[in-house]
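So the structure is just underneath, and the comments pick up after that.
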Protein chains: 2
Amino acid sequence: MAKGKTKPAKEATTEEKIKAAARKIFTQKGYAAARTRDIAEEAGINLALLNYYFRSKERLFELVMKENIQLFVGNLAENIGNNPHRPFIEQLEYICSSYVDMLLEYPNLPFFIMNIIQSGGGNVDINDPLFSSVAKLRGVFIYGLKEEMEKGRIKPIHPLHFIANMMSLIIFPFIAKPLLMTRVGITDNKEFESLMQERKKLIPEWIRSMLKK
Amino acid sequence: MAKGKTKPAKEATTEEKIKAAARKIFTQKGYAAARTRDIAEEAGINLALLNYYFRSKERLFELVMKENIQLFVGNLAENIGNNPHRPFIEQLEYICSSYVDMLLEYPNLPFFIMNIIQSGGGNVDINDPLFSSVAKLRGVFIYGLKEEMEKGRIKPIHPLHFIANMMSLIIFPFIAKPLLMTRVGITDNKEFESLMQERKKLIPEWIRSMLKK
DNA sequence: GTCTATAGGGTGATAGAC
DNA sequence: GTCTATCACCCTATAGAC
C-alpha cells in the first residue's frame with residue numbers, strides 16, 4: 001500500500017520544496033523580477049535541480065500562477081456557486097469574511113494577480129477557464145443583486161460599480177498596506193491585521209448603507 | 001533671449017523623447033520587466049543615446065519615478081493643503097473628482113506605484129519627502145475627519161479605514177480594469193471610462209452614506 | 001549628438017560526474 | 001537525484017568612428 005513511486009509524504013519532498021519556494025518568490029516579486037537562483041536558494045537546493053524537476057522558469061511560474069489564481073477566485077466562486085439560494089446579504093457577509101481571511105494568510109496575492117493582469121509573466125489568458133470560474137460567481141451573485149433591485153429593496157446600481165466597490169474595499173488595503181500604514185502612522189503589523197479583521201464586519205455594513213434607499 | 005544652451009522647446013528634443021518613452025514603458029511594465037531597448041525603440045532613437053543622456057537605466061527610472069509619484073500625490077496634496085478650511089464634504093468631492101480625472105489620464109499610474117511599493121526598481125524610500133508630502137494631506141484631511149466626528153456629525157471611524165476606503169474606491173477599479181470588464185461583460189473602453197466618470201459623483205455619496213449616523 | 005560595434009556581467013538552461 | 005562547471009543568450013553600458 002505504501003509502495004509505488006510517490007513518496008510517503010512524510011517530509012517535504014524536494015519537488016515540493018522547490019514549488020513552495022517558487023510560490024514565495026514569484027508571489028513576492030512577480031515574474032520578471034524573480035530569479036531562478038533566488039528560488040533555488042530559498043528552497044535550499046541547487047539551481048540545476050529546478051530545471052530537472054520543472055523544465056523552465058516559465059513552466060514553474062505557470063504552475064504557481066494557476067494555483068494562485070485558484071486561491072484567489074476558485075474556492076470562493078465554488079462556495080458561492082454551491083449556495084446559490086443563500087440570502088443576498090449573507091452571501092455578501094460570507095464573501096467579505098472569507099476573502100479577508102484568505103488575504104490575511106496570503107497578503108501578497110493581490111500584487112501577484114495585479115502583476116499578471118498587467119501583462120506579467122507566463123502567457124496569461126484572462127479568459128482562462130480558471131478566471132472564468134468567476135463567471136459562476138458573477139452569475140449567481142449579480143443575479144442576486146439584480147433581484148434585490150427589482151424587488152425595490154436597494155438603490156439601483158450598475159453591477160460593475162457594485163462588484164468594483166466590493167473588491168476594492170476588500171482587496172485594496174492589502175495592496176496599499178505600506179502606504180496606508182505610514183499615512184496613518186501605524187507601525188505595528190499586528191495593528192494592521194486587527195484592523196483588517198474589523199473590516200470583515202464593517203465592509204458588509206458599509207455596502208449595505210451604500211445600497212440603502 | 002532665445003540664446004543659451006537650452007533649446008527653444010519648439011519640437012520635442014531627443015532628451016524629452018527618451019524621457020517620454022521611458023515614462024511610458026516603465027509605467028506600463030515596471031522596472032524589472034522594462035528593457036532599455038524597448039525604451040530606445042519607443043523613442044525612435046539608438047540605445048546608446050539613452051546612456052548618453054541619462055547615465056543608466058536606474059537613474060532614468062528614478063527620474064520617471066519621482067515625476068510619477070509627484071503626479072500621484074503631489075498636486076493633490078498641495079491643493080488640499082492650500083485649502084485647509086474648505087468644508088469637509090467639499091474636500092471629499094474635490095479629491096474624488098480630481099483623482100479620477102488624473103487616473104483617466106494616466107490609468108497605469110496605480111500599477112506603477114504599487115509595483116515600487118512592493119519593492120520595485122530604484123531604491124525607493126517610502127518615507128521619501130515626496131511620499132510624505134502626503135503628510136500634508138493627512139494632516140489637513142484627517143484633521144477634518146476628526147473634527148466631524150467630535151462634533152458628532154458622522155459615525156465614528158478609524159482614520160485608516162476612512163483613508164483606505166476612499167483610496168480603494170477611487171484607485172482600485174483602474175488596477176482591476178481588465179478583470180472587472182470581463183466579469184461584468186463590458187468590452188468597450190468608452191463604457192468603462194464613462195462608468196469611471198460616474199464614480200466622481202457616486203463615491204462621495206457612497207462615503208457619505210457610510211458615515212451617516 | 002548620433003551612430004555601430006562590442007565589452008562586461010548576469011540569467012536561464014544543460015552536460016556530465018557522482 | 002543531486003551536484004559542479006559551463007554554455008548560450010540577453011541586457012546594460014561604453015568605446016570610438018563620424
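Naming convention: chains lettered A, B, ... in sequence-line order (proteins, then strands); numbering from 1 in each chain. Just so we're clear, the structure is a prediction, and the values are computed from it rather than from any experiment. For the numbers below, each heavy atom of this structure counts, side chains included, while hydrogens, waters and symmetry mates do not.
Scored by the side chain to side chain contact (heavy atoms under 4.5 Å, CB included) test, A:E41 finds no partners at all (sequence neighbours excluded). Shown here are the side-chain hydrogen bond (donor to acceptor under 3.5 Å, both in side chains) partners of B:E42, two or more places apart in sequence or in another chain: B:K24.
Aromatic pair A:F111/B:F111: centroids not less than 6.0 angstrom apart.
Contacts between residues 42-56 of chain B and DNA chain C, defined by a heavy-atom separation below 4.0 Å, involve B:N46, B:A48, B:L49, B:Y52, B:Y53, listed by number.
What separates CZ of B:R59 from P of D:dT14 is a distance of 11 Å, to the nearest Å. For the pair A:I39 CD1 and C:dT11 P, the interatomic distance rounds to 12 Å; values are reported in whole Å.
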Give each protein N/O atom lying under 3.5 Å from an N/O atom of nucleotides 8-11 of chain D, with the pair distance.
from, atom 1, to, atom 2, distance (Å)
D:dC11, OP1, B:R35, NH1, 2.1

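Ring geometry for A:F112 versus A:F61: interplanar angle of 30 to 60°, hence tilted.
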Return a table of donor-acceptor pairs under 3.5 angstrom between the side chains of residues 159-168 of chain B and protein atoms on other chains or two or more places apart.
from, atom 1, to, atom 2, distance (Å)
B:H161, ND1, A:R199, NH1, 3.1
B:H161, NE2, A:E198, OE1, 3.1
B:N165, OD1, A:R199, NH1, 3.1
B:N165, OD1, A:R199, NH2, 2.7
B:N165, ND2, B:H161, O, 3.3
B:S168, OG, B:A164, O, 2.5

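Not a single donor-acceptor pair under 3.5 Å links the side chain of A:E191 to the backbone N or O of A:D188.
Within the structure, the side chain to side chain donor-acceptor pair (under 3.5 Å) test picks out no pair touching residues 43-57 of chain A (sequence neighbours left out).
B:K19 has a carboxylate O that lies under 4.0 Å from a charged side-chain N of B:E67, or vice versa, which qualifies the two as a salt bridge.
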